[in-house]
Amino acid sequence: TGANYQPDSSAGLGAARLMKNLGAGLSNGATVTGSNLEFAKASTSGVVTGTTTSPAGTWKNVSGAGINPNEFAMFVRTV
């Protein structure tokens with residue numbers, strides 16, 4: 001009860017993570033620096049409860065759709 005999932009902030013190349021877009025809108029397949037993203041934080045029931053640190057590296061939107069600022073999507077680390 002009350003536990004939160006907080007992803008490993010040292011995600012390596014090829015890692016896939018659910019993250020929040022802090023910058024401008026991104027099309028599917030667009031790349032962005034980690035400073036424009038934050039890792040999603042979820043409760044033990046899988047509900048997103050907030051965000052945590054920004055990741056290092058470059059990440060690609062692989063959600064299958066474009067996203068707007070402050071929306072969540074799946075990203076894969078490319079660099």
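- With hydrogens and angles ignored, the 3.5 Å screen pairs no side-chain donor or acceptor of Asn36 with any backbone N or O of Gly23.
- Contact check for Pro55 versus Arg77: no side-chain heavy atoms found under the 4.5 Å cut-off.
- Side-chain contact between Phe39 and Lys20: absent, with no pair of heavy atoms (C-beta onward) separated by less than 4.5 Å.
- Summarising the geometry of Gly34 relative to Ser54, their closest heavy-atom pair is O-CB, 3.5 Å, with the distance given to 0.1 Å.
- Hydrophobic clustering keeps Val79 apart from Leu37 (ILVMFWY residues linked when any side-chain heavy atoms are closer than 4.5 Å, directly or through intermediates).
- Taking NZ of Lys60 as the reference point, atom OG1 of Thr31 lies at 8.5 Å (rounded to 0.5 Å).
- Leu26 places none of its side-chain heavy atoms less than 4.5 Å from the side chain of Trp59.
- Val76 is not connected to Leu22 by any chain of hydrophobic side-chain contacts under 4.5 Å among Ile, Leu, Val, Met, Phe, Trp and Tyr, and they are in different clusters.
- When all heavy atoms of Ala40 and Val48 are compared, the closest pair comes out as CB-CG1, 4.5 Å.
- One distance of note links CZ of Phe75 with CG of Asn61; it measures 4.5 Å at 0.5 Å rounding.
- Within the 3.5 Å criterion, the main-chain N or O of Val32 finds no donor-acceptor partner in the side chain of Thr58.
- Glu38 pairs in a side chain to side chain donor-acceptor pair (under 3.5 Å) with only one of the listed residues (Thr51, Thr53, Thr52, Asn21), which is Thr51.
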